[in-house]
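Report on one structure; see the data block that follows.
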Amino acid sequence: MRISENKIEEIRAAANIVDIISEFVQIRKRGKNYQGLCPFHTEKTPSFSVSPDKQIFYCFGCHAGGNVYKFLMDYEKISFVEAVQDVAKRVGVSLELDDESSSEKQSEQEILYDINTVVAKYFSDNLLIKKDGEIAQNYFHKRKIKPQTMRIFSLGYAFPGRDVLVDFLKDHKIDLNKALALGLIGSNNDGRLYDKFSGRIIFPIFSPNGRVVAFAGRVFHEKEGTAKYLNSPESMIYTKGRILYGLSHAKDEIRKLDRVILVEGYMDLISLYQGGIKNVVAVSGTALTEEQSTLLSRYTKNAVLLFDADTAGIKASMRSIEILLRRDMEIKIASLPKGEDPDSYINNFGKEKFDEIIKHALNFIEYQSAYYESQGMFEDVSKTADAIRELVKPIALIKDELKRNLLTKSIAKKFNLREKLLEIELEKAINQTGKQLTSEERTKIREQSKTITGVPEQPSKIASPAVYNLEREIIKLLFEDNREVIEFISAHIPPEEFLIEAHSKIAEIVYESCVGDEEIFVSSLIEKIHDEKLQSYILELTFEKYQTSKKWEDLYPEMSRDKVLKKIARDTIRKFKTGIIESQIAANHRRISSAEAEGEKLKLMRENMELERSKQKLKDELKTEEELS
């Protein structure tokens, strides 16, 4: 049985990790932390540390680490639920696992999840068990969907009628106001309640971890004035732009194959899944969002777009390409024969033929070129120039210098152009996208970031220690249990602005965890990071193995800890952002020295003047209270 997130956090907060670990390991106080011999590997010199402040443990020898639950799981070889139960028993927190637990003890969020779960089963029973559900069963049979597949996706049917679901909710004593908030029922002006999904087949929408967050209802036959699909409104547990339909079913296969296929519709996904293509997610009739691309990038860096070939589908593909490129994803676009969609194609031709379609997917430059050609844009010189500029723009979003260079070469070769011309266009596009480091510096930094797959190299081995060290200090600040500092950093440095890939991933997770009113603890944040190497890196940072010679508190003894953290955050961000601008100014100076045309020199000088103004503005905005007084 599921344990609510709030209950898990309540138990963890009530526990003292030092008390629990000391039952298994002999540890002694050393400064702020406790140290002892690691229980997870053989050693003679203690490298195992426990932090009572942050409620985490870490071994500098074998890199084992985590919170109190992780320690018990690894030491006792038990499951997560068993670890929670063990800690709950130790700290005397009541842990009820039965379905009869009182709803008032649950969080608002948990109640909404439970209502959706009950209603999803009701809809599913209507389809698969109730005799009146035959009409919906026949619809799915005509679409070649098997009963087993209906069960996997919890497909359902909302009986026709004004208040069939309303009566069901009343009979089961479900809070009608919460059902209204979830969009399951509606209310007329006179206050009478009615079923929102009446007479529709139902597609439950799941979160990535498999909880029902919303519903989509489809009519059997399209009628004028009636929407084909009706979707749940956004709620406390559902934000449309952050959910990808089918991800909870597909994520394991996506990881296994290291590739995701994006389709548009529910039935496209369900038919492909049934046909053996399980690494599929659907954007569900909406344009792909930044949040969805971030979500996908946690499972794979390789995406194949398979959208309709109509105008709307092409526009969706074009926009999706840019969004996915910002996440450093490799993108290909597959096309089906005219008149086919993924649903019809897999049913008519099978998995082998579909695999061939995916195998021959085009890269995004080939796809865009083919589209512009179909629009007649290469028949006119002016339009051709515009089309080539459009082809270059998305390349500027790619952070890998080598990839950018190869793609630029391919365009030059295709259109018989000098590479230098395209490099100039690319430089313009890069400047427009806000990339302010030179390509050489960025490539160097991206290469260095590969060392941060666990414990990074010592700073002395890094070619650009300034960038590395500033980013590392910012990441350390995110794990200081201070919401205001996290919010300040997130407001000034979005995840994609970090130059080290590991830091970008960490920032994403911390920023997302900061949304809402719950308290922020290092021990609970660590739990949200599933990459063990990233966890190890963060834990080592948190224990400050690479701490500077003086601690922050020693530098500012007259200030409170909160004020010290805010000052350090402000100073570090200012250095980081001005450093990036100074890199661009230096790059422009080098280009001025080598430029032959006076016009180009003047342009670069003007650009540097503008960058200097931006730098000064940034310094003014990030002045500390002491500097302002």
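Everything quoted here is computed from the prediction, not taken from an experiment. All residue numbers refer to positions in the sequence shown, counting from 1.
Within 6.0 Å of CD in Glu484 there are 12 or fewer heavy atoms belonging to other residues, nucleotides or ligands. Heavy atoms of other residues, nucleotides or ligands lying less than 6.0 angstrom from NZ of Lys196 number more than 12. Residue Lys256 places its NZ atom among 12 or fewer non-hydrogen atoms of other residues, nucleotides or ligands, all under 6.0 Å distant.
Ring geometry for Tyr229 against Phe203 counts as tilted: the plane angle lies between 30° and 60°, on a 0 to 90° scale. Aromatic ring pairs are classed by plane angle as parallel below 30°, tilted from 30° to 60° and perpendicular above 60°; the pair Phe488 and His492 is tilted. Note on ring orientation: taking the six-membered ring where Trp is involved, the planes of Phe159 and Tyr122 are perpendicular (angle over 60°, cut-offs 30° and 60°).
The CD atom of Glu501 sits 13.0 Å away from the CD atom of Glu496 when rounded to the nearest 0.5 Å. In this structure, the separation between CD1 on Ile135 and OH on Tyr157 is 5.0 Å, given to the nearest 0.5 Å. Interatomic distance, CZ of Phe354 versus CZ of Phe349, reported as 12.5 Å (0.5 Å rounding). Between the CG atom in Leu127 and the CD atom in Glu134 there is a gap of 11.0 Å [rounded to 0.5 Å]. In this structure, Phe140 CZ and Met267 CE are separated by 6.0 Å, a value rounded to the nearest 0.5 Å. Distance check: Gln137 CD to Leu128 CG gives 6.0 Å after rounding to the nearest 0.5 Å.
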**Report entry** Step-by-step side chain to side chain contact (heavy atoms under 4.5 Å, CB included) determination, Asn302 to Val260
**Finding:** CA-CA 6 Å; Asn302 301 294; Val260 63; over 6 Å; no
Requested in this report: Please lay out, stage by stage, how Glu108 and Lys178 fare under the test salt bridge (Lys or Arg N to Asp or Glu O under 4.0 Å).
Outcome: CA-CA 9 Å; Glu108 180 82 4; Lys178 288 182 171 57; 3.8 Å; yes
Query - Pair Phe197-Ile185, side chain to side chain contact (heavy atoms under 4.5 Å, CB included): steps then yes or no - result: CA-CA 8 Å; Phe197 292 101; Ile185 57 177; over 6 Å; no
Query raised in the report: For His63 and Phe40, what are the C-alpha separation, side-chain angles and deciding distance, and is it a ring pair (Phe, Tyr, Trp, His ring centres under 6.0 Å)?
Result: CA-CA 10 Å; His63 309 303; Phe40 302 113; over 10 Å; no
Report task. Check step by step if side chain to side chain contact (heavy atoms under 4.5 Å, CB included) holds for Leu272 and Tyr345. Result -> CA-CA 9 Å; Leu272 287 174; Tyr345 193 87; over 6 Å; no
Report task. For side chain to side chain contact (heavy atoms under 4.5 Å, CB included), just list the numbers for Ile17 and Phe71, CA-CA rounded to whole Å, side-chain angles, deciding distance to a tenth of an Å, and then say yes or no. Result -> CA-CA 9 Å; Ile17 194 169; Phe71 177 84; 5.5 Å; no
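Contact of the Ile201 side chain with the Leu155 side chain is not registered, since no non-hydrogen atoms from C-beta on lie closer than 4.5 Å. Side-chain contact between Val283 and Leu262: present, with at least one pair of heavy atoms (C-beta onward) separated by less than 4.5 Å. Side-chain contact between Met150 and His141: present, with at least one pair of heavy atoms (C-beta onward) separated by less than 4.5 Å. With contacts defined as side-chain heavy-atom distances shorter than 4.5 Å, the pair Asn126/Asp132 does not qualify. At a threshold of 4.5 Å between non-hydrogen side-chain atoms, the residues Asp114 and Ile111 do not count as touching. Counting heavy atoms from C-beta on, the side chains of Gln55 and Asn67 never come closer than 4.5 Å. A 4.5 Å side-chain heavy-atom check between Ile261 and Ile358 finds at least one atom pair inside the cut-off. A heavy-atom distance below 4.5 Å is found between the side chains of Val212 and Phe206.
Ionic pairing of Lys351 and Asp355 is present here: one or more N-O contacts between side-chain nitrogen and carboxylate oxygen are shorter than 4.0 angstrom. Salt bridge present: Lys7 and Glu10 bring a charged side-chain N and a carboxylate O closer than 4.0 Å. Comment: Arg143 engages Asp343 in a salt bridge, judged by a side-chain N to carboxylate O separation of less than 4.0 angstrom. With respect to the salt-bridge test (charged N to carboxylate O, under 4.0 angstrom), the residues Arg192 and Asp190 qualify. Remark: Arg90 engages Glu23 in a salt bridge, criterion side-chain N to carboxylate O under 4.0 Å. Under the 4.0 Å criterion applied to side-chain N and carboxylate O atoms, Lys353 and Glu356 are not assigned as salt-bridge partners.
Arg162 forms no cation-pi arrangement with Tyr194, by the criterion of a distance under 6.0 Å to the ring centre and an angle within 45° of the ring axis.
For the pair Leu305 and Ser320, the tightest heavy-atom approach, listed with the atom from each and the gap, is CD1-CB, 3.9 Å. Taking each heavy atom of Tyr245 and Pro204 in turn, the nearest pair found is CE1-O, 3.3 Å. The nearest pair of heavy atoms linking Gly66 to Leu539 is N-CD1, 3.5 Å. Between Ser235 and Leu182 the shortest heavy-atom distance is OG-CD2, 4.0 Å. Smallest separation of non-hydrogen atoms from Phe220 and Gly199: CE1-O, 3.6 Å. When all heavy atoms of Ser293 and Ile323 are compared, the closest pair comes out as OG-CG2, 3.3 Å.
Ser490 places a side-chain N or O within 3.5 Å of a backbone atom of Glu487 that can act as its donor or acceptor partner. Between the side chain of Glu234 and the backbone N or O of Lys240, at least one donor-acceptor pair lies under 3.5 Å. Judged by distance alone, with hydrogens and angles left aside, the side-chain atoms of Gln292 form a donor-acceptor pair with the main-chain N or O of Thr289 at under 3.5 Å. Checking side-chain atoms of Tyr69 against main-chain N and O of Arg12 turns up a donor-acceptor pair under 3.5 Å. Thr300 contributes a side-chain N or O that, together with a main-chain N or O of Asp258, makes up a donor-acceptor pair within less than 3.5 Å. Using a distance-only test at 3.5 Å, with no hydrogens or angles considered, no donor-acceptor pair links the side chain of Ser271 to the main chain of Asp268. Listed for the Asp341 side chain is a donor-acceptor partner under 3.5 Å among the backbone atoms of Ser344. In this structure, Arg200 contributes its side chain and Lys228 its backbone to a donor-acceptor pair below 3.5 Å. Not a single donor-acceptor pair under 3.5 Å links the side chain of Ser124 to the backbone N or O of Ser154. At least one donor-acceptor pair closer than 3.5 Å links the side chain of Ser22 to the backbone N or O of Asp19.
Using a 3.5 Å distance cut-off with no hydrogens or angles, the side chains of Gln274 and Thr149 do pair a donor with an acceptor. Side chains of Ser536 and Tyr58: a donor-acceptor N/O pair is present below 3.5 angstrom, by distance only.
Aromatic rings from Phe215 and Phe123 are positioned such that their centres are separated by under 6.0 Å.
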